[in-house]
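This report refers to the structure that appears directly beneath it.
Values below: all heavy atoms of this structure, side chains included; hydrogens, waters and symmetry mates excluded. Note on naming: letters A, B, ... go to the chains in the order of the sequence lines (proteins, then strands), and numbering restarts at 1 for each one. Just so it is clear, the structure is predicted and the values come from calculations on it, not from any experiment.
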Number of protein chains: 2
Amino acid sequence: MNPRPTIKDVARRAKVATGTVSRVTNGDATVHPVIRDAVEAAIKELGYRPSPIARNLRRGRSGIIGFVLADISNPTYGPMVPEVQELTREAGYTLIVMDSAMDPERERRNLETLAALRVDGVVLNPLLPVDTEIPDVLQGIPVVSLPGVPDWEGAKVRAVSTHATLAGLDDCLENGHRRLAFLTIKGLGGTQRDLLSMMRDRIRAAGATFVSDASWTFVSREQCAEQLPAMLAAPGRPTAVLSASALLPGLLIAAREAGMKVPRDLSVVSIATSELADAYDPPINVVSFDARGLSSEAVCKLLTAMRGEEPGEAVENNSRYIRRGSVGPVPGEC
Amino acid sequence: MNPRPTIKDVARRAKVATGTVSRVTNGDATVHPVIRDAVEAAIKELGYRPSPIARNLRRGRSGIIGFVLADISNPTYGPMVPEVQELTREAGYTLIVMDSAMDPERERRNLETLAALRVDGVVLNPLLPVDTEIPDVLQGIPVVSLPGVPDWEGAKVRAVSTHATLAGLDDCLENGHRRLAFLTIKGLGGTQRDLLSMMRDRIRAAGATFVSDASWTFVSREQCAEQLPAMLAAPGRPTAVLSASALLPGLLIAAREAGMKVPRDLSVVSIATSELADAYDPPINVVSFDARGLSSEAVCKLLTAMRGEEPGEAVENNSRYIRRGSVGPVPGEC
DNA sequence: CTGTTAGCGCCTTCAC
DNA sequence: GTGAAGGCGCTAACAG
């Protein structure tokens with residue numbers, strides 16, 4: 001296995017200096033067409049490709065953008081990967097995807113690796129508190145948070161679901177539900193705080209009860225599927241649940257194990273779409289984000305920040321509530 | 001934003017030569033403890049971290065392993081990412097995940113990028129014919145194919161589902177089904193050829209009919225959901241379908257749109273687990289791969305190949321058939 | 001044990 | 001328009 005050809009080999013073969021080869025590979029116009037052809041021929045014959053490593057060492061940048069996901073199989077963010085990859089590629093960067101597997105320590109390690117690699121920018125779907133921890137680790141590398149944390153100076157994309165989520169809530173209230181729960185992933189602070197208080201207000205105004213509290217947050221769908229059946233059967237149980245899409249499998253499994261049918265015994269709304277929500281019978285009502293829009297906004301903001309410019313403000317209304325078959329009237333005995 | 005400290009800065013601060021700093025960062029034992037402490041102090045004070053770029057340029061290797069997935073949201077392979085990442089990290093490598101979005105051209109581009117980056121190895125969940133195209137692009141970089149293509153010399157991991165898939169098939173036959181279909185992703189040749197002929201034999205032996213043909217392969221779940229309802233309603237329709245997990249959403253949506261209930265009107269078996277299969281009501285019978293086992297086998301094989309050794313033969317039985325609620329007797333009118 | 005030195009492959013002045 | 005030379009940050013070989 002002979003080593004890959006270097007710029008020197010090409011230069012030798014084309015009988016020019018390495019600098020000229022460099023100019024050709026970088027599309028410098030000030031090269032005589034004849035020489036350019038000769039160099040290109042040599043490149044082709046040798047199968048030469050410039051080493052990004054050496055190139056980046058020289059240029060002081062890596063040409064890499066990192067995309068760190070809290071959980072790559074999260075149905076909201078996972079599917080953004082192809083889009084983000086394509087957008088960054090068009091901008092001339094290579095995307096490194098990393099998964100933190102819902103483990104903050106792992107997220108820190110991922111970010112440290114990226115910082116060590118001197119990546120040029122990071123798209124972050126955070127687990128750690130963005131405003132305090134992240135800047136230390138990333139040492140000035142531009143980062144965009146997806147979704148963004150409200151009280152933070154940095155670039156962020158607000159995945160605003162307030163309006164649509166409240167629409168889902170209203171749908172349940174209008175169907176007569178008076179005991180509602182909100183099922184979310186533990187530790188995803190910041191983003192949801194505003195939303196939560198708005199929901200609380202709305203529910204109180206309707207004279208209904210918000211039965212979810214800290215015990216309705218879970219770290220994983222497995223934990224969810226395990227603990228939820230009891231909670232769904234307990235007295236004072238909610239008759240309608242709004243669930244983060246990542247926990248929807250747990251919720252539906254729990255409902256099934258508790259012998260409940262959707263929406264006959266339990267009304268369900270999923271915050272964010274997923275294959276499960278689409279394919280379930282009945283199809284689950286969803287608060288649908290504009291995932292493509294979000295990812296392109298994120299990449300766009302990041303590129304802006306990388307240019308040293310000021311990324312603009314967040315777009316607001318990028319979600320809507322889709323009525324399907326999973327919200328119905330309150331079950332008889334409730 | 002002052003530039004990050006280099007090895008020189010550290011050397012100057014600790015009043016030693018750069019070589020000594022290098023020895024410290026590489027854990028070379030032949031360094032006087034006192035000096036080592038001084039160097040480490042300087043490193044800490046400056047917040048120095050060696051640049052992998054320069055390091056790799058010097059060492060002629062990148063310390064990176066690439067993981068190229070045909071489709072990151074495929075429920076069989078997508079969830080392997082965290083596992084593969086962890087295993088490669090333990091071996092001292094950084095994992096770059098890339099998604100080909102079911103596009104062979106994109107896969108080629110991804111591999112070219114990795115080759116240009118001089119990655120040390122590649123785990124590939126292939127779209128392109130591994131035996132012909134890949135070696136060109138990868139120019140001698142060790143690669144392990146997941147799953148493996150039967151007639152190919154290279155390292156591969158066989159995701160052997162033959163036994164379990166046949167068990168699923170038998171389950172349908174024993175339930176009296178006489179018209180069966182096999183729903184797969186278009187273009188995933190090689191791997192499934194053997195399996196297909198075995199299924200054909202089994203079905204013929206049972207006096208049943210294999211209704212699926214080329215028209216039962218799709219490129220995406222969307223296409224599947226669109227075209228399948230008509231096929232499920234047509235005369236001579238299958239009463240039982242074995243489906244690749246990636247297409248399961250399409251199948252279930254189609255069934256719902258055709259007004260069919262599982263398993264009353266249609267029996268379903270999913271090849272490979274997924275959240276959907278687990279959470280659906282009724283839960284879908286699955287041919288379950290040992291995903292963790294597969295990914296660790298893949299990484300292990302790759303590391304072996306990277307050491308220049310001969311990776312051993314593939315493990316055989318890493319799948320089993322799990323009976324749940326989605327296979328039932330043949331519907332009355334059929 | 002530690003300092004010095006010579007590149008790894010490439011880009012970029014700076015002369016010509 | 002092109003060649004020569006220096007250096008990006010680091011490691012490895014060789015002196016001392």
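Between B:Ala54 and B:Ala17, the residue anchored nearer the 5' end of DNA chain C, judged by the nucleotide with its closest heavy atom, is B:Ala17. Both B:Thr18 and B:Arg118 sit near DNA chain C, but only B:Thr18 has its closest nucleotide nearer the 5' end.
Within the structure, salt bridge (charged side-chain N to carboxylate O under 4.0 Å, His left out) pairs that include any residue of residues 77-100 of chain A comprise A:Glu83-A:Arg292, A:Glu86-A:Arg89, A:Glu86-B:Arg106, A:Glu86-B:Arg109 (at least two apart or interchain).
Separating the CG atom of A:Asn56 from the C1' atom of C:dG9 is a distance of 11 Å, rounded to the nearest angstrom. At whole-Å resolution of the value, CD1 in A:Ile7 and P in D:dA4 are 14 Å apart. For B:Arg12 and D:dG9, the CZ to C1' distance is 13 Å, given to the nearest whole Å. As a whole-Å value, the separation of A:Leu57 CG from C:dG7 P is 17 Å. Distance B:Arg61 CZ to D:dT11 C1': 12 Å, rounded to the nearest Å. Across the protein-nucleic acid pair, B:Arg58 atom CZ and D:dA13 atom P stand 8 Å apart, rounded to whole Å. Spacing between atom CZ of A:Arg4 and atom P of C:dG9 amounts to 12 Å, rounded to whole angstrom units. What separates CG of B:Asp37 from P of C:dT2 is a distance of 12 Å, to the nearest Å.
Rounded to the nearest 0.5 Å, atoms OG1 (A:Thr76) and CG (A:Leu294) are 9.5 Å apart. Atom OG1 of B:Thr25 and atom CD of B:Glu40 lie 10.0 Å apart (nearest 0.5 Å).
Formation of a donor-acceptor pair under 3.5 Å by the B:Thr18 side chain with backbone atoms of B:Lys8 is not found in this model. Counting only distance, with no hydrogens or angles, the side chain of A:Ser145 and the backbone of A:Pro147 share a donor-acceptor pair below 3.5 Å. A donor-acceptor pair under 3.5 Å links the side-chain atoms of B:Asp103 to the main chain of B:Glu105, judged by distance alone.
Counting non-hydrogen atoms under 4.0 angstrom, A:Gly19 reaches a base of the nucleic acid.
Residues of residues 20-35 of chain A that place a heavy atom closer than 4.0 Å to DNA chain C, in numerical order, are A:Ser22, A:Arg23, A:Thr25, A:Asn26.
In this structure, of C:dG9, C:dC8, D:dC10, it is C:dC8 that holds the atom nearest to the side chain of A:Lys8.
The shortest side-chain heavy-atom distance between B:Val31 and B:Val39 does not fall under the 4.5 Å cut-off.
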